[in-house]
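A short write-up of the structure that comes next.
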Amino acid sequence: MRLNSTFFIENDVLDLSKYLLGCTFHSMIDGVHCSGIITETEAYTGINDRASHAFGNRRTPRTEVMYCAGGISYVYFTYGLHHLFNVVTGAENDPHAVLIRAIYPLTGINAMFQRVGAKKGLHALSNGPAKLTKCLGITLEHNRMDLDGDLLWFEDNFRHAIARTVAGPRVGVDYAGEDALLPYRFVGFPATASKLQQTK
DNA sequence: TACACGATTTACT
DNA sequence: GTAAATCGTGTAT
């Protein structure tokens, strides 16, 4: 079952960050369908969150997309070489977002290896926010994109495979002062592989 | 126009 | 363990 924009608009960003664990994230880019089970997310909770690009109600050409209604992508470029992918959530003018930090490869694995280089193992293929965008072929072209469309979408398929969810501080946000300590990073630990049966 | 830096990854010592 | 890669973005001039 696909997740639609209403779902991303009406639910709280922290709840969504946890809910997305075990959902699948899909791309159809360069004619290839790739997907993986989401295993790690982070929540960025709006204008009062010092770790967010939208802190202090900052509106710039880059951050403007976060102020749109939920259900669209926020892709940005960092460190001169990496793209990071977020889901914009919440109502218009309330700039919340979920950073997708890791997925476990499910379909299109050959294409993913081609994009990232075939020298690493399956478990290390897309277990980082910049690695998964590279695997799925996501670039700045996929910013501000409908997340229930033909190119990027989510499905609620494998949440039963997540046995336990652990929260901790977000990664790489030391500049955020006290907000760097907030437990807004969520990691889903899988159940045994035998439970990995798709449900619709 | 100029400059400092980043919600990271990789390779190398 | 440390460092390099590398450029869009934000803020200051």
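Below, chains carry the letters A, B, ... as their sequence lines are ordered, and counting in each starts from 1.
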key: d(CG, L81(A); C1', dT6(C)) in whole Å   = 6 Å

request  = May I ask you to evaluate whether R185(A) reaches the phosphate of dA7(B), defined as a side-chain N or O under 4.0 Å from OP1 or OP2?
outcome  = no

request  = Would you kindly compare N86(A) and V116(A) by the position of their nearest DNA chain B nucleotide and give the one closer to the 5′ end?
outcome  = N86(A)

message = Between F77(A) and R58(A), which residue's closest nucleotide on DNA chain C lies nearer the 5′ terminus?
response = F77(A)

inquiry  = For dG8(C) and R62(A) - does any side-chain N or O of the residue sit under 4.0 Å from the phosphate oxygens OP1/OP2?
reply    = no

ask   = If you find the nucleotide of DNA chain B closest to P129(A) and the one closest to G80(A), which residue's nucleotide is nearer the 5' end?
value = G80(A)

note = Out of dT8(B), dG10(C), dA7(B), minimum distance to the side chain of Y79(A) belongs to dT8(B)

task = Please determine if a side-chain N or O atom of H82(A) lies less than 4.0 Å away from the OP1 or OP2 oxygen of dG6(B).
result = no

query = Which whole-number value in Å describes the distance from N127(A) CG to dT8(B) C1'?
reply = 12 Å

key: F55(A) CZ - dG10(C) P separation (whole Å)   = 16 Å

request  = Measure from the side chain of A130(A), starting at C-beta and using heavy atoms only, and say which of dG10(C), dA7(B), dT8(B) lies closest.
outcome  = dT8(B)

task = Please lay out, stage by stage, how E42(A) and R101(A) fare under the test salt bridge (Lys or Arg N to Asp or Glu O under 4.0 Å).
result = CA-CA 7 Å; E42(A) 279 177 2; R101(A) 289 194 56 87; 3.5 Å; yes

ask   = To the nearest angstrom, how far is K120(A) atom NZ from dT10(B) atom C1'?
value = 8 Å

request  = Indicate whether OP1 or OP2 belonging to dT8(B) is found under 4.0 Å from a side-chain N or O atom of K134(A).
outcome  = no

ask   = So, are D12(A) and K18(A) salt-bridged, with charged N and O less than 4.0 Å apart?
value = no

task = Searching all strands shown, indicate the nucleotide that pairs with dT11(C) (Watson-Crick or G-U wobble; both distances under 3.5 Å).
result = dA2(B)

key: Phosphate-side-chain proximity, Y175(A) and dA7(B), N/O vs OP1/OP2 below 4.0 Å   = yes

request  = Could you check how far CG of L84(A) sits from P of dA7(B), rounded to whole Å?
outcome  = 8 Å

ask   = For the residue pair F158(A) and H160(A), does the interplanar ring angle fall in the parallel (under 30°), tilted (30 to 60°) or perpendicular (over 60°) class?
value = parallel

inquiry  = Run R59(A) and E64(A) through salt bridge (Lys or Arg N to Asp or Glu O under 4.0 Å) and show every step you take.
reply    = CA-CA 6 Å; R59(A) 281 175 178 264; E64(A) 192 62 31; 2.6 Å; yes

ask   = How is A51(A) classified with respect to the nucleic acid when contacts are heavy atoms under 4.0 Å: base, sugar-phosphate, or nothing?
value = base

ask   = Going by atom types only, do Y44(A) and H53(A) share a side-chain donor-acceptor pair under 3.5 Å?
value = no

key: Strand partner of dA7(B), provided both Watson-Crick or wobble distances fall under 3.5 Å   = none

task = Provide, to the nearest angstrom, the distance between the CZ atom belonging to R59(A) and the P atom belonging to dT9(C).
result = 17 Å

ask   = What is the distance from CD of E64(A) to P of dT9(C), rounded to the nearest Å?
value = 14 Å

inquiry  = Between N127(A) and Y104(A), do the side chains contain a donor N or O and an acceptor N or O under 3.5 Å apart?
reply    = no

request  = Check the distance between dG10(C)'s P and M66(A)'s CE and give it to me in whole angstrom.
outcome  = 12 Å

